[in-house]
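Down below is the structure, laid out as structure tokens.
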Amino acid sequence: MPRYQAPRGTRDLLPEERARLSRLEATAADLARRYGYPQIDTPLFEQTEVFERGVGAVTDIVEKELFRVSGGSGGEEERWALRPEATAGIVRAYIQHGMQTLAQPVRLSLVGEMFRYDRPQAGRYRQFRQWDVEAIGDAGPAIDAEILELAYRFYSDVGVMGVEAHLNSIGDRACRPAYVERLVDYFGKRESQLPGLERHRLRSNPLRLLDSKDPAMAGLIAAAPRITDHLCDACREHFDGLQAHLSALGLTFRLEPTLVRGLDYYTRTVFEFYVEGQHGQQDAVGSGGRYDGLVELLGGRPTPAIGFALGLDRVLLALADAGSTSTDARHPTAVVVGANPSDTATRLTVATQLRAAGLFVRAELASRKLSRQLEGAAREGSHFAIIVGDEFESGQVQLKDLQAGTQRLVNVADLARELERAEGSHRHGPAAGG
RNA sequence: GUGGCCUUAGCUCAACCGGCAGAGCAUCGGAUUGUGGCUCCGAAGGUUACGGGUUCAAGCCCCGUAGGCCACCCCA
């Protein structure tokens, strides 16, 4: 067993999986461009306070999942923390760079690593990757719909099947406190029926009682007062408007009155995307919501905003589960092999020239006999083999078509052009196996 | 952070009741001179995750640690 291995909760992305991730990132980048959400990057770590205030000090993410880092040799301990999510950092950047002076809303996106120190499981890592999209400075429900539609579009474009949005409104400062009071009153009167953990929640975070998975809670939750029955007029209007927009877009969603989020900053719109059929695995592949109070909380002017984060590692899992094992195996156009096993210099020289011409060419650098070199070239799916032999002295090589089994003498000076032509016609021909 | 299951070659897995640690695939080499994916032959690859304990004897039984997975917590 290896003495060193990747730290718990982290993993190496080997070429095949890295390629699958790159496809997701390319889709995200393309959508970000077409929807007008240019990409930005923020640091992987921030002052701890940014997350404590931004995400919420009493949330699980901050209380027990924050990766705290100390700089230098002592001192300044735990002043910073690795980002557990992207929104707080983006909002910090929005404020720091005076983006409130730009045309509102400011649309931004970010692809990158997030860190949470929790117990790993399939689809749950301590270092994971998210695509995050934010629209800061627009209060209307239309932008909520745009954001949701963008997320849906991503799942659809990359080929995740069976994604469903769970949607709710959790009110705002005007109506939520009164609702929470009502909820505490309801569960308080039935405290004797609550399991121990839930009894504790009644005091620490009563909203969370609603999404308890304890079977003993099901009946109580079903009969509990619903936030959507107690929204203020403004929140009601916003929520109705959002649903109208979604319907106009032809998007389906499931109203989930018990959906609350684990982050403090959400107001009004909250949603989570679930993919069906992730047996036992983490089936939440994305989530988001409106955070109208966050900019102000981090020191900016009162600014409405909404965004979502989408778990790329989980999308990868969902795609693997769906059986879409389209490996992105890339085969070289040609492999340069040699009749003289020890003459690696000539093979490397020929390959270098072809690469300079833009071709994907591998040189066989092992000093083994020609038949082994050809075997390797054929097995990795190369279209051509270029055989360097005695003819090289007169400026020629054998160009062997490994699929057709034919070969002919070609001047080295013409090689690049010949390969380009063949590759072009090959590309337009029947798809290569792989 | 709580509870449970698991860990044998690079990968997938064998190994009877505690009795010499194996196979397939992959890798490398060979099968008469410069021609390929197949076939045949061979080699290499192991402190049985790590550290203790019980025993004449431990991959197998016991304890601890690490890692993976599952269910919670919570979420991406």
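In the text below, chain A, chain B and the rest are named by the order of the sequence lines, each starting its count at 1. Source: prediction; values computed, not measured.
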From the candidates B/C69, B/C28, B/A76, the one with an atom nearest any side-chain atom of A/R368 is B/C28

Expected string for nucleotides 31-45 of chain B under the B/S/- scheme (protein heavy atoms, under 4.0 Å, primed atoms plus P, OP1, OP2 as sugar-phosphate) is S--BBBB--------

Regarding A/D30 and A/R34, does a basic nitrogen lie under 4.0 Å from an acidic carboxylate oxygen? yes

From CG of A/L21 across to C1' of B/A76 the rounded distance in Å is 14 Å

Contacts of A/Y291 meeting ring pair (Phe, Tyr, Trp, His ring centres under 6.0 Å) (sequence neighbours excluded), chain-then-number -> A/Y265

ask   = If we take the C1' atom in both B/U7 and B/C60, what is their distance in whole Å?
value = 14 Å

In whole angstroms, the gap separating P of B/A76 from CZ of A/R11 amounts to 17 Å

By ring pair (Phe, Tyr, Trp, His ring centres under 6.0 Å), A/F115 pairs with (sequence neighbours left out) none

_A/Q121 side chain near B/A71 phosphate (N/O to OP1/OP2, under 4.0 Å)_ = yes

Rounded to whole Å, CG of A/D283 lies from C1' of B/A71 at a distance of 14 Å

Residues passing the side chain to side chain donor-acceptor pair (under 3.5 Å) test with A/N340, sequence neighbours excluded, are A/S342

Review point. Are any of the side-chain nitrogens in A/E16 or A/R20 under 4.0 Å away from the carboxylate oxygens of its partner?
Key: no

By nearest-heavy-atom nucleotide on RNA chain B, the more 5' of A/Y274 and A/T10 is A/T10

Separation of B/A76 atom C1' from A/L317 atom CG, nearest Å, is 11 Å

A/S22 and A/R18 side chains, donor-acceptor separation under 3.5 Å
yes

Donor-acceptor contacts under 3.5 Å from residues 157-167 of chain A side chains, at least two apart:
residue, atom, partner, partner atom, Å
A/E164, OE1, A/H166, NE2, 3.4
A/E164, OE1, A/R254, NH2, 3.4

So salt bridge (Lys or Arg N to Asp or Glu O under 4.0 Å) across residues 128-138 of chain A, not counting sequence neighbours, yields A/E25-A/R129, A/E113-A/R129

For A/H230, the side chain to side chain donor-acceptor pair (under 3.5 Å) test, sequence neighbours excluded, returns A/R182

Does A/F273 reach a base, just sugar-phosphate, or nothing at all? Heavy atoms under 4.0 Å.
nothing

Worksheet item: What does A/G9 touch in the nucleic acid at a heavy-atom separation under 4.0 angstrom: a base, only the sugar-phosphate, or nothing?
Response: sugar-phosphate

By side-chain contact (heavy atoms from CB on, under 4.5 Å), A/Q5 pairs with (sequence neighbours left out) none

Per the under-4.0 Å heavy-atom filter, residues of residues 106-119 of chain A near RNA chain B come out as A/R116, A/D118, A/R119

Query raised in the report: In whole Å, what separates the C1' atom of B/U65 from that of B/C25?
Result: 33 Å

- With distance as the sole criterion, is a donor-acceptor pair present between the side chains of A/S382 and A/R362 under 3.5 Å? no

Check: When you check the phosphate oxygens OP1 and OP2 of B/A76, does a side-chain N or O of A/R129 lie under 4.0 Å from one of them?
Finding: no

Practice problem: Using the C1' atom as the reference point in each nucleotide, state the distance between B/G4 and B/A58 in Å, no decimals. | Solution: 25 Å

Residues at least two apart in sequence or cross-chain that pass ring pair (Phe, Tyr, Trp, His ring centres under 6.0 Å) with A/Y94, listed by chain then number, are none

Which value, in whole Å, describes the distance between the C1' atoms of nucleotides B/U54 and B/G18? 12 Å

- Message: Distance check, P atoms only: B/A44 and B/A23, in whole angstrom units.
- Response: 12 Å

Separation of B/A76 atom P from A/L259 atom CG, nearest Å, is 11 Å

*Between B/U48 and B/G10, how far apart are the P atoms? Round to whole Å, please.*
13 Å

From CZ of A/R126 across to C1' of B/G68 the rounded distance in Å is 12 Å

Rounded to whole Å, the CD-P distance (A/E65 to B/A76) equals 10 Å

Distance check, P atoms only: B/A26 and B/G37, in whole angstrom units. 13 Å

Separation of B/A76 atom P from A/F308 atom CZ, nearest Å, is 12 Å

By nearest-heavy-atom nucleotide on RNA chain B, the more 5' of A/K64 and A/D313 is A/K64

Across all chains, not counting sequence neighbours, the ring pair (Phe, Tyr, Trp, His ring centres under 6.0 Å) partners of A/Y155 are A/F273

Q. Using atom P of each nucleotide, how far apart are B/C5 and B/A9 to the nearest Å?
A. 23 Å

If one requires at least 3 consecutive Watson-Crick or G-U pairs with distances under 3.5 Å, the stems of RNA chain B turn out to be B:1-7 with B:66-72, B:10-13 with B:22-25, B:27-31 with B:39-43, B:49-53 with B:61-65

| said: Check this one for me: any side-chain N or O of A/R8 less than 4.0 Å away from OP1 or OP2 of B/A66? | reply: no

